[in-house]
A.B. asks: 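Can you read through this structure? Questions will come right after.
Keep in mind that what you see is a predicted model, and the values were worked out from it rather than measured.
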Amino acid sequence: MALNSQFKTLDIREVLAETHMKGKNITFLDDFSRDELLALFRAAEMLEPFLRTGLNLLQGKVLYTLFFQPSTRTRCSHENAMLRLGGNVITESDPTHNSAVAKNESLYDSLRVTSEYADVIVMRHPDDKEALGALAELGPYVSPVISGGYGHVTHPTQGLLDCYTCWRAFGDLTNTTVAIATPDLSRARSGQSFALALAAMGAKIIYTGTSELRTPEIVRNKLVAMGADFEEHFDLTMKQNEELYADKGVDVIYLPGSSLKKDDPNREDFMKTMAQYYVSLEMLQNIKKKTGKVVGVHHSLPRNPGEFDFGIDNTEHQLYFRGIGFSIAVRMALLSAVVGVN
């Protein structure tokens, strides 16, 4: 290997600049190329040693978290990331009761006003059309807004975290196959954002779900436009899903989380369907005997009984708690990329 002009000390500012995310809203991950996501991942890896000690990349900057839906991991990890970067946080976890939204303030006005207080906003909103519509109307008159989940279709920071976890586990993802398994792909926003990130990174995607609750068209159209390598399988039994994972050489089974409220009249039927997507430790052991492969199990959390075997927690297959360990680094990198460092 010959010496060249690129041989020098690492500078995280240069790596962050390669993401081309400064000042941009983060909504759908197909907005960014493989090289841009790789730059973000390299920045996150550079920040991992500072998860406990922190550093002052965003000293004097302010993050505003605006969450119209409950959240633990997404809200707290962004707030933690900003504090670790030396910045400050304003948080609103119940705006429908505690903010001017309770006085019928529009989302447009809320975002335009809070932009005067903060350098970046992380927002979760139950209505993707309302959220995306407000951002389109606001244009440049708002601080960059990072989606912490809009409706049922997009949750880009979770998708980045899940993809980063796989990148740290496998390295180059072009030879990696990920199954996204749930009886309800129509509401699996974390799984759909993960799929967009995987597609950008060149991974293969295997969807397995029910024919009645398919991937939203907006996401499917994006995957097609990206030239993504993906397949869709519907209405399989648990045994057929096990055979699918083995035959397709699946490296990771991703469970976006699925449940219905206890008082939902369709709950009993849904639970019967959900049982076909259950991942047991025995299933993983069977696949390992057949293929020699250790298949990872990943979940967006929080998890519900009946989704997978909690006995997986302390085995080589577990990725969901390991992913939490990477969550602060990914969000530190994302905030730094979007705000821009000094």
Side-chain angles (χ1 to χ4, degrees), residues 6 8-48 50-51 54-66 74-75 77-90 111-124 131-132 134-150 154-161 163-164 167 193 196-197 200-201 222 326-342:
Q6 300 304 310
K8 59 181 181 179
T9 56
L10 293 173
D11 188 334
I12 195 168
R13 294 169 298 183
E14 294 179 0
V15 178
L16 290 168
E18 291 173 7
T19 68
H20 302 122
M21 294 180 178
K22 185 176 180 179
K24 292 185 178 179
N25 296 330
I26 308 298
T27 52
F28 288 99
L29 293 178
D30 62 315
D31 291 335
F32 302 100
S33 68
R34 179 177 184 271
D35 286 345
E36 289 167 333
L37 294 185
L38 276 174
L40 186 75
F41 291 173
R42 288 198 302 272
E45 191 172 30
M46 293 169 72
L47 289 166
E48 281 186 29
F50 301 97
L51 295 182
L55 68 174
N56 292 323
L57 287 180
L58 294 184
Q59 187 171 17
K61 302 297 184 181
V62 176
L63 162 69
Y64 181 65
T65 51
L66 179 64
T74 303
R75 182 174 63 83
S77 62
H78 278 98
E79 293 176 359
N80 192 322
M82 191 62 168
L83 294 172
R84 299 293 185 188
L85 290 164
N88 297 291
V89 175
I90 301 170
L111 290 172
R112 185 145 186 180
V113 168
T114 52
S115 289
E116 297 297 321
Y117 309 145
D119 300 282
V120 60
I121 297 168
V122 176
M123 178 173 71
R124 172 170 290 184
L132 295 170
L135 292 175
E137 189 177 0
L138 282 160
Y141 302 108
V142 66
S143 296
V145 180
I146 297 172
S147 168
Y150 296 158
T154 187
H155 193 347
T157 70
Q158 183 67 47
L160 287 171
L161 169 58
C163 195
Y164 180 75
W167 180 75
S193 291
L196 292 178
M201 298 295 284
K222 287 177 179 293
F326 294 120
S327 63
I328 306 302
V330 171
R331 272 119 187 194
M332 286 172 73
L334 184 62
L335 290 169
S336 299
V338 171
V339 175
V341 300
N342 297 324

A.B. asks: Assign the ring pair Phe41 / Trp167 to parallel, tilted or perpendicular, where the plane angle (0 to 90°) is split at 30° and 60°.
C.D. replies: tilted
A.B. asks: Applying side chain to side chain donor-acceptor pair (under 3.5 Å), name anything that partners Thr154, two or more places apart in sequence or on another chain.
C.D. replies: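 Expected list: none.
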A.B. asks: How long is the span from the OG1 atom in Thr157 to the NE2 atom in His155, to the nearest 0.5 Å?
C.D. replies: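 With rounding to 0.5 Å, OG1 (Thr157) is 5.0 Å from NE2 (His155).
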A.B. asks: CD1/Ile12 to CZ/Arg42 distance, rounded to the nearest 0.5 angstrom?
C.D. replies: 11.0 Å
A.B. asks: For a 4.5 angstrom cut-off between non-hydrogen side-chain atoms, does Tyr150 reach Met123?
C.D. replies: yes
A.B. asks: Can you tell if the side chain of Met332 reaches within under 4.5 Å of the side chain of Leu57, non-hydrogen atoms only?
C.D. replies: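 With C-beta onward as the side chain, the pair stays apart.
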A.B. asks: Any side-chain heavy-atom pair from Leu135 and Leu111 closer than 4.5 angstrom?
C.D. replies: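 Yes, at least one pair of side-chain atoms sits under 4.5 Å.
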A.B. asks: Which atom names give the shortest non-hydrogen contact between Ala43 and Leu16, and what distance separates them?
C.D. replies: CB-CD2, 3.7 Å
A.B. asks: Backbone N or O of Gly148 within a donor-acceptor pair of the Arg124 side chain at under 3.5 Å?
C.D. replies: yes
A.B. asks: Using the rule given for side-chain contact (heavy atoms from CB on, under 4.5 Å), can you reason through Asn56 versus Leu85, listing the C-alpha separation, both sets of side-chain angles and the distance that settles it, and then say yes or no?
C.D. replies: CA-CA 5 Å; Asn56 292 323; Leu85 290 164; over 6 Å; no
A.B. asks: Which atom names give the shortest non-hydrogen contact between Ser193 and Leu29, and what distance separates them?
C.D. replies: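 Ser193 and Leu29 have their closest heavy atoms at O-CD1, 3.5 Å.
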A.B. asks: Between Lys8 and Glu14, is the closest basic N to carboxylate O distance under 4.0 Å?
C.D. replies: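 Salt bridge between Glu14 and Lys8, a charged N being under 4.0 Å from a carboxylate O: yes.
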A.B. asks: Name each donor-acceptor pair under 3.5 Å that joins a side chain in residues 58-66 to protein atoms two or more places apart or in another chain, with its distance.
C.D. replies:
| unit_1 | atom_1 | unit_2 | atom_2 | d |
| --- | --- | --- | --- | --- |
| Thr65 | OG1 | Glu79 | OE2 | 2.7 |
| Thr65 | OG1 | Thr91 | OG1 | 2.9 |

A.B. asks: Identify the two heavy atoms, one from Arg34 and one from Ala200, that lie closest to each other, and give their separation to 0.1 Å.
C.D. replies: CB-O, 3.1 Å
A.B. asks: Got Leu37 and Met21 here, is their nearest side-chain heavy-atom distance under 4.5 Å?
C.D. replies: yes
A.B. asks: Give the minimum heavy-atom separation between Ser327 and Ser77, together with the two atoms involved.
C.D. replies: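 Shortest heavy-atom contact: OG-CB, 4.1 Å.
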A.B. asks: Which distance, rounded to the nearest 0.5 Å, do you find between the OH of Tyr164 and the CG of Leu334?
C.D. replies: 13.0 Å
A.B. asks: Less than 4.5 Å apart, any side-chain heavy atom of Arg331 and any of Leu160?
C.D. replies: no
A.B. asks: Working to the nearest 0.5 angstrom, can you tell me the gap between Phe50 CZ and Ile328 CD1?
C.D. replies: 15.5 Å
A.B. asks: Indicate yes or no for a side-chain donor-acceptor contact from Ser147 to the backbone of Thr27 under 3.5 Å, with no hydrogens or angles considered.
C.D. replies: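 Absent.
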A.B. asks: How long is the gap from OG on Ser336 to CE on Met82, to the nearest 0.5 Å?
C.D. replies: 8.0 Å
A.B. asks: Once rounded to the nearest 0.5 Å, what's the spacing between atom CD of Glu45 and atom CG of Leu40?
C.D. replies: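 Going from CD on Glu45 over to CG on Leu40, the span is 12.0 Å.
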A.B. asks: Please answer whether the main-chain N or O of Leu51 pairs with a side-chain N or O of Arg84 as donor and acceptor at a distance below 3.5 Å.
C.D. replies: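 Checking the backbone N and O of Leu51 against the side chain of Arg84, a donor-acceptor pair under 3.5 Å is found.
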A.B. asks: Examine distances only and state if a side-chain atom of Ser115 and a backbone atom of Val142 form a donor-acceptor pair shorter than 3.5 Å.
C.D. replies: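 No, because the side chain of Ser115 does not come within donor-acceptor range (under 3.5 Å) of the backbone of Val142.
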A.B. asks: Which residue is it: Asn25, Ile146, Asp119? I am looking for the one with a side chain to side chain contact (heavy atoms under 4.5 Å, CB included) to Val338.
C.D. replies: Ile146
A.B. asks: Taking C-beta and beyond as the side chain, do Phe28 and Leu196 meet within less than 4.5 Å on heavy atoms?
C.D. replies: yes
